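A quick note: this is a predicted structure, and the numbers were derived from the prediction, not measured. Counting starts at 1 for both ligands and their atoms, following the listed order.
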Amino acid sequence: MKSILVLGGAGYIGSHTVYELIDNGKDVVVVDNLQTGHKEAIHPKARFYQGDIRDRKFMDSVFEKEDIGGVIHFAACSQVGESMQDPLKYYNNNLYGTEVVLESMVAHGIDKIVFSSTAATYGEPENIPIVETDATVPTNCYGETKLSMEKMMKWTGVAHPLRYVALRYFNACGCHPNGLLGEGHDPETHLIPIILQVANGTRPSISIFGNDYDTKDGTCVRDYIHVCDLATAHILALEYLMEGKESNVFNLGNGVGFTVSEVIECTRKVTGHPIPAVIAPRRAGDPSTLIASSQKAKEVLHWNPKYDSLETIIETAWNWHKQHINGYNS
Ligand code: UFG
């Protein structure tokens, strides 16, 4: 059996996908530089190579030692705010890193890659729900680099025998029900982990970034999708490519929007904590509403997300955060 190479397999979505792959009987190789990933999150059955995707010799050595059948690529910087402060870091890690990965894949005759893209490729949406054919006009450098990575794969596939699936995630959240894997960013910028840090006593309150948006309660609306459902989609996307099908792009979301205030209220119910909230100014670059149409992923990949209740999603995240007060360092 050929192995699956997971780049960034020690990160949040990467580590969940590695568990899903191994639970499905696949043989998995993980590459991660551990700059933002966590060694503790790597499945004990995965073969781990610590190194940087921008290091061509290192990437070549992995492809030479292992018999790789396909690549799943999560190894990228992913913070919107940071990308606006340090855009060249994003160009270097995300674009140059992907260039090296593709060069090494082409040199070793590996022709399938599934890649984590983002709703940030759309920018301010023209329609709700968003479909894959809508305009892609990113409003931040993170989204711009992810869109450029998609295009790099497209043009590489024109010149070489390479096919790709780009999965545009909406708001990834929740944790593996096994309690071993969680969401541990440093610094944390995402809504649900920040609210749970208030509930576990490591933060005094949550700031709501703007309550004057044109939404039902004035706070931003997002489409929250469980990380295990995202993990499943990667496996389906890889199987799709293994069936010889053409390169493609899919949105991944639940198709339901929740406001920031609704997420806070739901977390109060799940945790029993009062979670003090204060209104703060809008955060630059935040679109008011992002909701996915995932019809295409359901029809073409036969993807069927299991976690469709926000309460259950938050319960899985709380299960991890209450036992990991300081994240993976707990
Ligand atoms: N928010 C707050 N307070 C906080 C943190 C977040 O009110 O302390 C709000 C944000 O303003 C936003 C919502 O909660 O309205 C969700 O924010 P997140 O930072 O959790 O997620 P984003 O929607 O900003 O980001 C997500 C993905 C990115 C992707 C982006 C697309 O995490 O990878 O969607 O816009 F780029």
Side-chain angles (χ1 to χ4, degrees), residues 8 11-14 36 74 76-84 87 90 93-94 115-125 128-130 134 136-150 166-174 183-185 187-199 202-227 230 251-254 257-267 275-292 310 313-314 317 321:
Y12 172 47
I13 307 173
T36 54
F74 298 96
C77 296
S78 63
Q79 289 184 26
V80 172
E82 184 191 53
S83 78
M84 300 301 281
Y90 280 67
N93 199 26
N94 296 3
F115 148 65
S116 51
S117 190
T118 168
T121 53
Y122 294 108
E124 193 63 53
I128 296 292
I130 300 170
D134 284 349
T136 44
V137 189
T139 53
N140 55 62
C141 181
Y142 164 67
E144 188 73 49
T145 58
K146 287 277 175 164
L147 186 60
S148 302
M149 287 157 82
E150 289 187 8
L167 298 174
R168 292 179 179 160
Y169 321 144
F170 282 63
N171 286 63
C173 57
E183 183 171 10
H185 302 111
E188 190 53 75
T189 61
H190 292 104
L191 180 65
I192 293 176
I194 289 181
I195 306 174
L196 292 173
Q197 287 175 348
V198 181
T202 52
R203 245 179 227 267
S205 60
I206 171 85
S207 298
I208 297 177
F209 297 147
N211 66 348
D212 56 352
Y213 286 96
D214 184 17
T215 61
K216 63 179 167 182
D217 60 23
T219 65
C220 287
V221 171
R222 293 287 181 276
D223 181 339
Y224 294 90
I225 179 75
H226 197 276
V227 64
L230 293 180
N251 286 342
L252 298 177
N254 264 317
F258 291 96
T259 67
V260 172
S261 294
E262 285 172 334
V263 177
I264 296 172
E265 194 47 44
C266 185
T267 313
I275 308 181
V278 290
I279 305 301
R282 288 183 177 199
R283 186 172 66 177
D286 270 347
S288 101
T289 302
L290 290 174
I291 301 174
L310 183 64
I313 290 176
I314 294 175
H321 282 271

Side chain, backbone, both or neither: which part of Val80 has a heavy atom under 4.0 Å from ligand 1?
side chain

Under 3.5 Å: N/O of Tyr224 near N/O of ligand 1:
no

Is there any N or O on Phe209 that sits under 3.5 Å from an N or O of ligand 1?
yes

Atoms of ligand 1 less than 4.0 Å from Ile194 heavy atoms?
8 (O)

Within 4.0 Å of some non-hydrogen atom of Thr189, the atoms of ligand 1 are 5 (C), 19 (O)

Is the closest N or O pair between Ser78 and ligand 1 shorter than 3.5 Å?
no

Taking N or O atoms only and a 3.5 Å limit, does Leu290 qualify as a polar contact for ligand 1?
no

Going by the 4.0 angstrom heavy-atom rule, the piece of Ile206 near ligand 1 is side chain

Which protein heavy atom lies closest to atom 32 (O) of ligand 1, and at what distance to 0.1 Å?
His190 NE2, 3.0 Å

Which residue owns the protein heavy atom closest to atom 13 (C) of ligand 1, what's the atom, and how far is it?
Val260 CG2, 3.9 Å

Indicate yes or no for a side-chain donor-acceptor contact from Thr136 to the backbone of Thr121 under 3.5 Å, with no hydrogens or angles considered.
no

If I compare all heavy atoms of Ile313 with all of Cys173, which pair ends up nearest, and what's the gap?
CG2-SG, 3.4 Å

Between Tyr142 and Glu82: side-chain donor-acceptor atoms closer than 3.5 Å:
no

Distance from atom 15 (O) of ligand 1 to nearest protein heavy atom, with residue and atom:
Cys220 CB, 3.0 Å

Is the contact between Asp286 and ligand 1 made by the side chain, the backbone, both, or neither, using heavy atoms and a 4.0 Å cut-off?
side chain

Identified side chain to side chain contact (heavy atoms under 4.5 Å, CB included) counterpart of Thr259 within the set Asn211, Ile264, Thr289, Asp217:
Asp217

Output the list of atoms in ligand 1 that are nearer than 4.0 Å to some heavy atom of Ala120, sorted by atom number.
31 (C), 36 (F)

For Ser207, state whether at least one heavy atom is located under 4.0 Å from any atom of ligand 1.
yes

Assess whether side-chain contact (heavy atoms from CB on, under 4.5 Å) is satisfied between Phe209 and Cys220, documenting all intermediate values.
CA-CA 8 Å; Phe209 297 147; Cys220 287; over 6 Å; no

Would you check if there is a donor-acceptor pair between the side chains of Asn251 and Tyr122 at a distance under 3.5 Å?
yes

Spacing of Ile206 atom CD1 and Ile275 atom CD1 [to the nearest 0.5 Å]:
8.5 Å

Of all protein heavy atoms, the one nearest atom 23 (O) of ligand 1 is Arg222 NE, 2.6 Å

Looking only at protein heavy atoms, which one is nearest to atom 20 (O) of ligand 1, and how far off is it?
Leu191 N, 2.8 Å

Leu290 backbone acceptor or donor facing Asp223 side chain under 3.5 Å:
no

Do the side chain of Glu183 and the main chain of His185 share a donor and acceptor less than 3.5 angstrom apart?
no

Taking atom types as modelled, is there a side-chain donor on Thr189 or Gln79 under 3.5 Å from an acceptor on the other?
no

Which protein heavy atom lies closest to atom 25 (O) of ligand 1, and at what distance to 0.1 Å?
Asn171 ND2, 3.9 Å

Just one of Thr139, Asn140, Thr118 clears the side chain to side chain contact (heavy atoms under 4.5 Å, CB included) bar with Val80, so which one?
Asn140

Of all protein heavy atoms, the one nearest atom 28 (C) of ligand 1 is Tyr142 CE2, 4.2 Å

Under 4.0 Å from a heavy atom of Ile208: which atoms of ligand 1 are those, numbered in the order shown and with their elements?
7 (O)

What I want to know is whether Thr118 and ligand 1 share at least one N or O pair that is separated by under 3.5 angstrom.
no

In sequence, state the C-alpha distance, the side-chain angles, and the governing distance for Arg282 and Asp212, and then conclude on side-chain contact (heavy atoms from CB on, under 4.5 Å).
CA-CA 9 Å; Arg282 288 183 177 199; Asp212 56 352; 3.0 Å; yes

Any idea which protein heavy atom is nearest atom 19 (O) of ligand 1, and the distance to it?
Arg283 NH2, 3.0 Å

Can you tell which of Leu230, Val227, Thr36 makes a side chain to side chain contact (heavy atoms under 4.5 Å, CB included) with Tyr12?
Val227

